[in-house]
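The next block holds one structure in the form of structure tokens; read it before the comments.
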Amino acid sequence: MIISDLLALTDEAPVATRLEPVPDSMGPKEDDPGKGNGDGKGGTETGTITKTRPKTKRPSLYRVLLLNDDYTPMEFVVLVLQDVFNKSREEAMQIMLHVHQKGVGECGVYPYEVAETKVTRVMDTARKNQHPLQCVMEKQ
Ligand code: TYC
């Protein structure tokens, strides 16, 4: 977790509203049993109402990138792109060939934890299959 992401987490912002005293002419009458709080003072006391407004922040986005190497089989990369990044066979093939030719290519853009999970899945499956495939993320 990067410190800037911790600071960007969603928070609740308290909003305090000071109520003005209600003029007697507008307030409930002492002899009106349906008004006030029943303390016989007509309900004209002041108070503070605290509302909370959900203060949402858009999460920072991260690009997940695949790096080329000379040993990972093309078919393995295509299967990873389909499985981890939900790409169609055709899309996966295009991305794999792009990485193969240019050295690096984008698999997708996600919020921090989603990107981190995808990088981990790629690296774990590559290691299990003894391929040197590398996957990284970078802040957009
Ligand atoms: N260059 C690899 C090969 O020729 C294929 C490959 C493509 C490897 C993309 C990694 O991210 C990669 N077998």
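Quick caveat: nothing in here was measured; it's all calculated off a predicted structure. Whatever order the structure lists ligands and atoms in, that order sets their numbers, starting from 1. We use all heavy atoms of the structure for the numbers below, so side chains are in, but hydrogens, waters and symmetry mates are not. When a residue number appears, it is its place in the shown sequence, counting from 1.
For atom 2 (C) of ligand 1, the nearest non-hydrogen atom of the protein is Asp69 O, 3.2 Å. Scanning all protein heavy atoms for the shortest distance to atom 8 (C) of ligand 1 gives Asn68 OD1, 3.4 Å. The protein heavy-atom contact nearest to atom 4 (O) of ligand 1 is His100 CE1, 3.1 Å.
Close approach of ligand 1 to Val99 (heavy-atom distance below 4.0 Å) involves ligand atoms 9 (C), 11 (O), 12 (C). Shown in contact with Leu133 at under 4.0 Å from a heavy atom are these atoms of ligand 1, numbered in order with element: 10 (C), 11 (O), 12 (C).
The environment of Glu75 atom CD is dense: over 12 non-hydrogen atoms of other residues, nucleotides or ligands sit within 6.0 angstrom.
Between Arg63 atom CZ and Lys139 atom NZ the span is 14.5 Å, to the nearest 0.5 Å.
In this structure a side-chain-to-backbone donor-acceptor pair under 3.5 Å is present from Lys87 to Cys107. Checking side-chain atoms of Asp83 against main-chain N and O of Leu79 turns up no donor-acceptor pair under 3.5 Å.
Salt bridge status for Asp124 with Arg121: absent, with no side-chain N to carboxylate O gap under 4.0 Å.
Nearest to atom 12 (C) of ligand 1 by heavy-atom distance, out of Thr72, Leu66, Leu67, is Leu67.
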